[in-house]
Number of protein chains: 2
Amino acid sequence: MAAVRNGVAGGRRPTLEQVARLAGVGRGTVSRVVNGSPRVSAHTRELVEDAIAQLGYVPNRAARALAAGTTDAVALVVPEQETRFFAEPYFSGILRGASAELAEHDMQLLLTLIRNERERDRFTQYAASHRVDGALLVSLHADDPLPDLLAEHGLPAVLNGRRSSDESMPYVDTDNAAGARSAVGHLLDGGRTTVATITGPPDMYVARCRADGYREALRTAGRGVDESLLVQGDFTEEGGHRAMRRLLAAEPSLDAVFCASDVMAAGARLALREAGRSVPGDVALVGFDDSAIARHMDPPLTSVRQPIDEMGREMVRILLSLREREPAEARPVRASAQPEPDEPQPPRRVLPTELVVRSSS
Amino acid sequence: MAAVRNGVAGGRRPTLEQVARLAGVGRGTVSRVVNGSPRVSAHTRELVEDAIAQLGYVPNRAARALAAGTTDAVALVVPEQETRFFAEPYFSGILRGASAELAEHDMQLLLTLIRNERERDRFTQYAASHRVDGALLVSLHADDPLPDLLAEHGLPAVLNGRRSSDESMPYVDTDNAAGARSAVGHLLDGGRTTVATITGPPDMYVARCRADGYREALRTAGRGVDESLLVQGDFTEEGGHRAMRRLLAAEPSLDAVFCASDVMAAGARLALREAGRSVPGDVALVGFDDSAIARHMDPPLTSVRQPIDEMGREMVRILLSLREREPAEARPVRASAQPEPDEPQPPRRVLPTELVVRSSS
DNA sequence: ATGTACCTTGGGAGCGCTCCCAGTTGTGAT
DNA sequence: ATCACAACTGGGAGCGCTCCCAAGGTACAT
């Protein structure tokens, strides 16, 4: 590799040192100016800024990372067994929100898809080598060891969605129960009498929340909850299809269904069509997520919208606030059950949902 | 991976130096082992590997980046005026493919969404500070200055899709004309007589290619091309809707339409429904992209699939090969029109498409 | 004047790694 | 035994930045 590093003229990128020389000041001063420290006189600052502009100086991030032990980058980690997650606007919403918020803080987003054991190890190593200042964890399964691994390495992390009702890590979630309540309430308000629901897998907390919301809405309306009207799906179209067929067979008088996801609603819609039931004439349908699918269904699907972009943004905000609390240094592994006095509990945020009414209900 | 990460003296992460001390060798030797250099005796290598395992050593990437001038990360850049791009499986496919290929090379993916001027500047700076070894550019407009800016900074880049027929940069594209030909050929084979097309904006090369494919297919079948059957859309649903209405008004006898994107096909479908035309009975419909929308339309849409994952992978492969040709060092800005003897022309790759036949045709 | 307190400033000391040049050792040929 | 040559190995010299301490200035009170 015969790299001729510096051409005679204009080859290499200018360094702090060169800026300092040109401005006639010391390195430290330039560093202060670049980092916006207030401890620089106005006059000197101007001098340095001129030199920076003249040279087109851009700080070398690698050097900064090495010297300061901070990287100005966070990882967005997506365990990706489920392609589902990926194609959904959900993902892109998180991405967009997180990216926008990070940009405002002049930080970078590292995207990490974890497909298998090997890639998880790879990421753990990466985190261990402190190439990122924190991690946003998305679509995590309850038994994923990743959060613990990160905590062990002293890397701050924020979850998207709780893994259980007593989530111990910082998280951002939507109010799934409230969303479900509004959906079911809407169906009842519309005069529907027999409202069923197609749920997600019960080992997912989000699915339980939505099912609970369904029950609460019925109780609030003074109706009893017929557990046979809760049928389990798995967040896939095929699962929604099966669930709907089962419902139709068991409960012919059914006139409304709340599906815990749009994708399942699409499957349910198909089953209804096959059974010759019209939507919303015979059966009203409501989904969850307000995805592209919802808009393109026939008829367009009423659905519960989550403020996804905002979730992404909020995750970043929390992550950054975390960083301020505990310096990026690897802290000793401490019993996580024992919070410190000035850190009463991990920050968390639950965002509201909104019902988008379309013609399926 | 029960690495005993920190010996008695907890706290900091082990360094090369510590590994060297423990193994009783020099820093250079450990570095060689870590980087898989062959110039180390088997015995010494074993010694070092033991020490690494014992200490749970993970190289500090920031230090490596600084010392070696290389970062083991590439940026995926998405100028995002068009949300379209983002929700589509197209994006996630590229992402998935690129991520998988990068993981195999132990490299990281930096995702950069560029929403405005400010963010573009930010990225340019970032690239200039050499925090990435290269860039994957996706969904670029023909007049985007980004490629030139990157070239100026000596940062290798690969495009997704050509900007014109004589693209000067390395790129990966699909054979859009061939895809269109197969779609239109399929419609003709099905006995359709009056086949129209809804095109994309003519200032996008991809749109022109698909329109050309449409023409070629007609000619190949021995039919003339009636230019009034080419109606311009803009890759949005609304545009597809408008275009279809125009077509229906101008050409009542029409019995097939090839849409240059699924999204436009969805709009067209709506217009057909409004006009009381059945699909595929009265009018056959074919889209392009094979997106989620295609599968969920009623009836499911026949569409042209592109090997998107593979495109992402291939982009990374090309980028890495580029890196080998020209060392990451900032090379002197050279006249780009003057290729070097050992670098005849930028690498490029055009991948084949596949027609996915569903019930809309 | 002298002292005190507070700012600003320069620059040494690393951060952990790679590069590369000697130095050391081992091998085979003379 | 001697020499040439190759194969290993150690460690100095940075990479460009931040951190931090001490030096120098300035302003005000004593």
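Below, chain A is the first sequence line, B the second, and so on; all start at residue 1. Keep in mind that the numbers below use all heavy atoms, side chains included, and drop hydrogens, waters and symmetry copies.
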Quiz item: Hey, does A/Val40 reach any base, or is it just sugar-phosphate, or nothing, if we go heavy atoms under 4.0 Å?
Solution: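 Sugar-phosphate contact only - A/Val40 comes under 4.0 Å of backbone atoms but never of a base.
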
Side chains of [X] and [Y]: does their closest heavy-atom pair fall under 4.5 Å?
X	Y	result
A/Leu76	A/Leu110	no
A/Ile318	A/Tyr171	no
B/Ser99	A/Leu111	no
B/Val48	B/Asp50	no
A/Asn160	A/Ser139	no
B/Phe123	B/Leu149	no

Can you tell me the distance, in whole Å, between the [atom1] atom of [X] and the [atom2] atom of [N]?
X	N	atom1	atom2	value
A/Arg131	C/dG16	CZ	P	15 Å
A/Arg13	D/dG16	CZ	P	10 Å
A/Glu17	C/dG11	CD	P	9 Å
B/Arg61	C/dC15	CZ	C1'	18 Å
A/Arg64	D/dT18	CZ	C1'	9 Å
A/Asp72	D/dT18	CG	C1'	13 Å
A/Leu47	C/dT8	CG	C1'	14 Å
B/Asn35	C/dC20	CG	P	13 Å

Quiz item: Think A/Ser31 has a side-chain N or O under 4.0 angstrom from the OP1 or OP2 of D/dC17?
Solution: no

Looking at [options], which one has an atom nearest to any side-chain atom of [X]?
X	options	result
B/Thr29	C/dC19, D/dT18, D/dT9	D/dT9
B/Asn60	D/dC17, D/dC8, C/dC17	C/dC17
B/Thr44	D/dT9, D/dG16, C/dT9	D/dT9
B/Arg27	C/dC17, C/dT8, C/dG12	C/dC17

Self-check item: Contacts of A/Gln108 that satisfy side-chain hydrogen bond (donor to acceptor under 3.5 Å, both in side chains) - sequence neighbours left out
Solution: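 A/Gln108: no side-chain hydrogen bond (donor to acceptor under 3.5 Å, both in side chains) contacts found.
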
Quiz item: Residues two or more places apart in sequence or in another chain: which of them pass side-chain hydrogen bond (donor to acceptor under 3.5 Å, both in side chains) with B/Arg45?
Solution: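 Listed in chain order: nothing, the list is empty.
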
Quiz item: Between the two end axes of the helix from C/dA1-D/dT30 to C/dT30-D/dA1, each built from 5 base pairs, what angle do you get to the nearest 10°?
Solution: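 If I round to tens, the end axes sit 50° apart.
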
Quiz item: Would the number of heavy atoms belonging to other residues, nucleotides or ligands and lying under 6.0 Å from CD of A/Glu46 be above 12?
Solution: no

Exercise. For each nucleotide in nucleotides 23-28 of chain D, reading 5' to 3', give B when a protein heavy atom comes within less than 4.0 Å of its base, S when such contact involves only the sugar-phosphate, and - otherwise.
Key: ------

Quiz item: Want to settle it: does B/Leu66 or B/Val25 sit nearer the 5' end of DNA chain D, counting the closest nucleotide to each?
Solution: B/Val25

Quiz item: Is a side-chain N or O of A/Asp72 found less than 3.5 angstrom from the main chain of A/Met107, in a donor-acceptor match?
Solution: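 A pair under 3.5 Å: no.
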
Self-check item: Least distance between heavy atoms, B/Arg131 atom then A/Ala65 atom
Solution: NH1-CB, 4.4 Å

Self-check item: Results of salt bridge (Lys or Arg N to Asp or Glu O under 4.0 Å) for A/Arg163 - residues two or more places apart only
Solution: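 Salt bridge (Lys or Arg N to Asp or Glu O under 4.0 Å) list for A/Arg163, sorted by chain: A/Glu167.
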
Please tabulate, one pair per line, each protein N/O and nucleotide N/O from nucleotides 21-23 of chain C that are separated by under 3.5 Å, including the distance.
none

